[in-house]
Participant: 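I have a structure here, written as structure tokens, and I will follow up with some questions on it.
In each ligand, atom 1 is the first atom listed, and ligand 1 is the first ligand listed. In this text, all values refer to a predicted model and were calculated from it rather than measured experimentally. Only heavy atoms go into these numbers, but all of them, side chains included; no hydrogens, no water, no symmetry mates. For the single chain, residues carry numbers from 1 onward in sequence order.
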Amino acid sequence: MSGQQELRYTDDVLGGPEAAERARLGAMATVCDPTSVRVLDELGVAAGWRCLEVGAGSGSIAVWLAERVAAAGQVVATDIDTGHLTDLTVPHLTVLRHDITRDPAPDAAPFDLIHARFVLEHLPEREGVLDRLASWLRPGGLIVIESIAGFPLGSSPHPQFGRAMGAIDQVLAKTIGTDSTWARRFPGPLVDRNLVDVGTTVHLPTTGGANASALCWSLTLTRLRTRIREFDLVSDDTLDEALELLADPAFFDLAFATAIAWGRRPA
Ligand SMILES: C[S@@+](CC[C@H](N)C(=O)[O-])C[C@H]1O[C@@H](n2cnc3c(N)ncnc32)[C@H](O)[C@@H]1O
């Protein structure tokens, strides 16, 4: 198939206004928000902070941040596609259509906190984006980056499921340049930018029991199915079996991990 890595996230690879995408973002938030919130809370996000939420998706973390920073603070939630953010009417929260690879810093810069979850790994220019984000921090400001990480996939005890998840990994790499190995070096990219107080942790949610993680991966697999078949990465039978497993309340496995890294701009 031609056109490898010529596409972007929102070129009908993922994203878009459909109900299935809204459900996928909702399931993602159900799985990942508790860990993101715990990390942000432990890092001291507080009233009065000025925050940037990059690639905000459905805005669940932006809404939590807006409640946390309260009246003295401010949250800017950006996305290249704000379709799932326009209904949000939350005090102290501004929604901005913004391409993080090339648009100028939002007017509210510099920020006390910049948070991006599941965004940079999907952008081939992720190192340049990280340079830009680091430069938008105020002295002492905090950056938190979350990324999918593919390292659990190879050890799956369920061959069809492992192959189907691997096909998601490969098709995103081939179409939009996603790199699920980038985060394995965390917190290296933040150390490289001379940030201090760096740290990292990994969230490895269970996928199965027909839980939100299983729903999220089922919706992702269904969305990418045509492209996976166009690249002939796995058979239709394998995809059907993986989808059956994801719908089976008795099935449990691990899919992608979420690697989380943080650091501060020196004061
Ligand atoms: C996997 S979703 C994650 C959504 C949200 N951060 C979350 O974790 O629930 C990736 C998001 O990044 C956005 N995105 C993709 N490319 C972008 C870009 N160049 N600039 C800003 N946002 C982008 C997508 O539109 C989508 O909302």
Participant: Starting from atom 4 (C) of ligand 1, what is the nearest protein heavy atom, named by residue and atom, and what distance separates them?
Facilitator: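 The answer is Gly55 O, 3.4 Å.
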Participant: Could you tell me, atom by atom, which parts of ligand 1 come under 4.0 Å of a heavy atom of Thr10?
Facilitator: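 Within the 4.0 Å cut-off of Thr10, ligand 1 contributes 25 (O).
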Participant: I'd like to know if the side chain of Glu146 and the backbone of Phe118 have a donor-acceptor N/O pair within less than 3.5 Å.
Facilitator: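 Here the side-chain-to-backbone pair does not exist.
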Participant: Heavy atoms only, cut-off 4.0 Å: how does Thr78 contact ligand 1, side chain, backbone, both, or neither?
Facilitator: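 Under 4.0 Å from ligand 1, Thr78 contributes no heavy atoms.
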Participant: So which bit of Ser60 gets within less than 4.0 Å of ligand 1, heavy atoms only: side chain, backbone, both or neither?
Facilitator: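 Neither part.
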Participant: Quick one: look up the protein heavy atom nearest atom 2 (S) of ligand 1 and list residue, atom name and how far away it is.
Facilitator: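 Atom 2 (S) of ligand 1 sits closest to the protein heavy atom Tyr9 OH, 3.2 Å.
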Participant: Flag the pair Lys174 and Asp169 as a salt bridge only when some basic side-chain nitrogen lies within less than 4.0 angstrom of an acidic carboxylate oxygen.
Facilitator: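 Salt bridge absent between Lys174 and Asp169.
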Participant: Look at atom 20 (N) of ligand 1 and say which protein heavy atom is nearest, naming residue and atom and giving the distance to 0.1 Å.
Facilitator: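 Nearest protein contact, heavy atoms only, for atom 20 (N) of ligand 1 is Ile100 N, 3.0 Å.
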Participant: Answer with side chain, backbone, both or neither: which part of Leu123 has a heavy atom less than 4.0 angstrom from an atom of ligand 1?
Facilitator: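 Side chain only.
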Participant: Give the residue and atom name of whichever protein heavy atom lies nearest to atom 25 (O) of ligand 1, and the separation in Å to one decimal.
Facilitator: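 The protein heavy atom lying closest is Asp79 OD1, 2.5 Å.
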Participant: Checking a contact table here: which protein heavy atom is nearest atom 10 (C) of ligand 1, and how many Å away?
Facilitator: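 Among all protein heavy atoms, the one nearest atom 10 (C) of ligand 1 is Phe118 O, 3.3 Å.
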Participant: Spell out, as yes or no, whether a donor-acceptor pair under 3.5 Å connects the side chain of Arg223 to the backbone of Gly15.
Facilitator: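 The answer is yes, because a donor-acceptor pair under 3.5 Å joins these two groups.
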Participant: Against Asp112, only a single residue in Arg68, Arg138, Arg50 fulfils salt bridge (Lys or Arg N to Asp or Glu O under 4.0 Å); can you say which?
Facilitator: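 It is Arg138; the other options fail the test.
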Participant: What part of His98, side chain, backbone, both or neither, has a heavy atom within less than 4.0 angstrom of ligand 1?
Facilitator: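 For His98, the contact with ligand 1 is made by the backbone alone.
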Participant: Of all heavy-atom pairs between Phe161 and Ala255, which one has the smallest distance, and what is that distance?
Facilitator: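 Scanning both residues, the minimum pair turns out to be CZ-CB, 4.1 Å.
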Participant: Judged by atom type as modelled, is there a donor-acceptor pair below 3.5 Å linking the side chain of Glu121 to the main-chain atoms of Asp179?
Facilitator: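 Checking the backbone N and O of Asp179 against the side chain of Glu121, no donor-acceptor pair under 3.5 Å is found.
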Participant: Indicate the atoms forming the closest heavy-atom contact of Gln74 with Ala108, along with that distance.
Facilitator: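 Smallest heavy-atom distance, with atoms named: NE2-CB, 3.8 Å.
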Participant: To which protein heavy atom is atom 19 (N) of ligand 1 closest, and what is the distance rounded to 0.1 Å?
Facilitator: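 Its nearest protein heavy-atom neighbour is Asp99 OD1, 2.8 Å.
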Participant: List the closest protein heavy-atom neighbour of atom 8 (O) of ligand 1: residue, atom name, distance to the nearest 0.1 Å.
Facilitator: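 Closest protein heavy atom to atom 8 (O) of ligand 1: Arg117 NE, 2.6 Å.
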Participant: Does Gly15 reach ligand 1, in the sense of a heavy atom lying below 4.0 Å from it?
Facilitator: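 Contact absent.
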Participant: Find all atoms of ligand 1 within a distance of less than 4.0 Å from any non-hydrogen atom belonging to Ala56, and give their numbers and elements.
Facilitator: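 The list of qualifying atoms is 5 (C).
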Participant: Quick one: look up the protein heavy atom nearest atom 22 (N) of ligand 1 and list residue, atom name and how far away it is.
Facilitator: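 For atom 22 (N) of ligand 1, the nearest protein heavy atom comes out as Ile80 N, 3.3 Å.
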Participant: Run the salt bridge (Lys or Arg N to Asp or Glu O under 4.0 Å) test on Arg117 and Asp33 for me, step by step, so that the C-alpha distance in whole Å, both residues' side-chain angles and the decisive distance to 0.1 Å come before the verdict.
Facilitator: CA-CA 10 Å; Arg117 187 176 73 188; Asp33 281 8; 2.8 Å; yes
Participant: Is Arg163 reaching over with its side chain to a backbone N or O of Ala242, donor-acceptor style, under 3.5 angstrom?
Facilitator: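 No; judged by distance alone, with no hydrogens or angles, the pair does not exist.
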Participant: Between Arg126 and Asp131, does the salt bridge (Lys or Arg N to Asp or Glu O under 4.0 Å) criterion hold? Intermediate values first, please.
Facilitator: CA-CA 9 Å; Arg126 62 190 67 80; Asp131 286 339; over 6 Å; no
